Amino acid sequence: MEIVKTEKLTFEYIRRDENDNVEGITTAVDNVSLSVKPGEFIAILGHNGSGKSTLAKTINAILHPTEGTVWVDGMDTMDESNLWNIRNTAGMVFQNPDNQIIGQVVEEDVGFGPENMGVPSEEIWKRVEESLKMVGMYDYRKASPNRLSGGQKQRVSIAGVLAMRPKCIVLDEPTAMLDPIGRREVINAVHELNIKEGITVILITHYMDEIVNADRVFVMDSGHIEMEGTPREIFSRVDELKELRLSVPQVTEVAYELRKKGLSLPFGILTIDELVESLNKCR
Amino acid sequence: MGTLIFLVSLFITKNYIGYIPALIFLAAVVKISKVPFKFIVKGMKAIVFLLSLSVLCNLFLTPGEPLVSFWKLSISREGIKTAVFMAIRLTFLIIGSSIMTLTTTPNQLTDGLEKGLGFMKVIKVPVHEIAMMMSIALRFIPILTEETDKIMKAQMARGADFESGNIIKKIKSLIPLLVPLFISAFRRANDLAMAMEARGYRGGDGRTKMKPLKYHGNDAVAYIILLLYLAVIIALRVLIK
């Protein structure tokens, strides 16, 4: 069974003036149907305003679809009685690490989720320890979040979600406010969770190099899903991506341009090693 | 809670004799808390100005028979009395409260508050929510300070002047600082609320605690001592007029 499934999902932001009259409607997500299998690493790509964050929020039942349905692990997000179960199943990590850390000590913040779920104290301690170890932040458990770097803060946020033992994690541009080192830390931690713990990951981003290792990629533009496929398939369509105002990883672009100039390189080269190998074959 | 009672007790006392039990009590607390004395002295330094100001005010402005007088100022016997009295009171206040902040983490503080005021739930006071608000406020103080600094620098870079002029001008120049600060604070609050909800926060009911606040035998003893102390203070106030 799919862990996350949406059918004809539509979400509209309705702007109202002071007298509650409808001023305008912005359709953020338009007729999206997708399904995610347990254990998959999904990347959702799109530039600003493409509706990817809205899509993420509907999965966590923070926003309710205007039309269509979202199922999380078989539960309909429109059903109020499922609300807390859905939030425990599909954890969510947001963009700004400062605005989602609640505790004043790292371990207290990680414990916040399980506290809300009503988990007994000893069990919380166990979970906190486990989750912090999973993201490699166990040594900082007594630290104040204010003293951590952006990447570390974001890993603490991920641990906070992990402590709720979700089956699926939705990360809404977790690296947008981080420096390159922080980005790598976070992405590595997420991949490790996906591989070692088998947690389904839905990563929303606009950095191309973060999706190279994803199982499947969805490209969104103005609320629609424009492309779907493996990273290799997506990246072989360089021109289409550029039309959607997205860039491809440097290596892929170099390979693409070389191919255009007549070198017999394969489509969708993703890593430097691949390119070197293919170039060697060309000679 | 104990600190609060101690502070109140200081205001109850009206004469020097009342300070003797207070001094004993404070000394005992300092000893038990194992806070190095240096720390407390350091905390005192910050209020030396305030302390001397209040002493001076009391010294010169208390009416009574003048002992020494020059120009329009005069020092009276009563003035000296109240000045010394105020100095002791302030010192005790500061030491008492700094001991609390030095020994208690903000979280223990809010937890204690939540538990100590738990009885108010009966009359529908949202104790849990208040405690939660306090701990979030404490968490966001450094973040908002940083933000203020950032906005200030951004505006200074565009020619805003925060330093010159008289007080009124200075205060006026803070207005363009407050507007963006409030906007960003609201945005943060919105984000935080969403993040809390995403992690399943739904108020105090059905919540467990990672670090439950447990009262041990020691705490009971502490409460008894506190009550005894309070009784002594009140007795002294009533008996010695």
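Computed from a predicted model, the values in this text were never measured in an experiment. Naming convention: chains lettered A, B, ... in sequence-line order (proteins, then strands); numbering from 1 in each chain.
Heavy atoms from other residues, nucleotides or ligands lying under 6.0 Å from CD1 of Ile168(B) number 12 at most. Under a cut-off of 6.0 angstrom, the local environment of CD1 in Ile181(A) is sparse, with at most 12 non-hydrogen atoms contributed by other residues, nucleotides or ligands. A 6.0 Å sphere centred on CD of Glu67(A) holds no more than 12 heavy atoms belonging to other residues, nucleotides or ligands. Shown here is Phe140(B), whose CZ atom has more than 12 heavy atoms of other residues, nucleotides or ligands within 6.0 Å.
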Pair Asn146(A)-Arg139(B), side chain to side chain donor-acceptor pair (under 3.5 Å): steps then yes or no: CA-CA 9 Å; Asn146(A) 297 322; Arg139(B) 147 104 181 88; 3.0 Å; yes

Audit row: Met164(A), Arg199(B), side-chain contact (heavy atoms from CB on, under 4.5 Å) steps and yes/no: CA-CA 8 Å; Met164(A) 297 169 73; Arg199(B) 281 163 75 181; 4.0 Å; yes

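Proximity to chain B is absent for every atom of Pro166(A), based on heavy atoms less than 4.5 angstrom apart. In this structure, the portions of Glu107(A) lying under 4.5 Å from any heavy atom of chain B include both its backbone and its side chain. Contacts of Asp172(A) with chain B are absent, with no heavy-atom separation under 4.5 Å from either backbone or side chain.
If you tally non-hydrogen atom pairs under 4.5 Å between each of Arg87(A), Lys57(A), Glu122(A) and chain B, the highest count goes to Arg87(A). Of all the listed residues (Ile86(A), Val170(A), Val93(A), Ile101(A)), the one sharing the greatest number of non-hydrogen pairs under 4.5 Å with chain B is Ile101(A).
Annotation: the span from Arg187(B) atom CZ to Asn99(A) atom CG amounts to 10.0 Å, rounded to 0.5 Å.
Side-chain atoms of Phe94(A) and Leu192(B), non-hydrogen and from C-beta on, never get closer than 4.5 Å to each other.
When all heavy atoms are compared, the tightest approach of Asp98(A) to Arg188(B) is CB-NH1, 3.7 Å. Contact between Ile62(A) and Ala198(B) at its shortest, heavy atoms only, is CD1-CB, 3.9 Å. Minimum heavy-atom separation, Trp84(A) to Tyr201(B): CH2-O, 3.5 Å.
Gln100(A) places no side-chain N or O within donor-acceptor distance of the main-chain N or O of Met196(B), the cut-off being under 3.5 Å.
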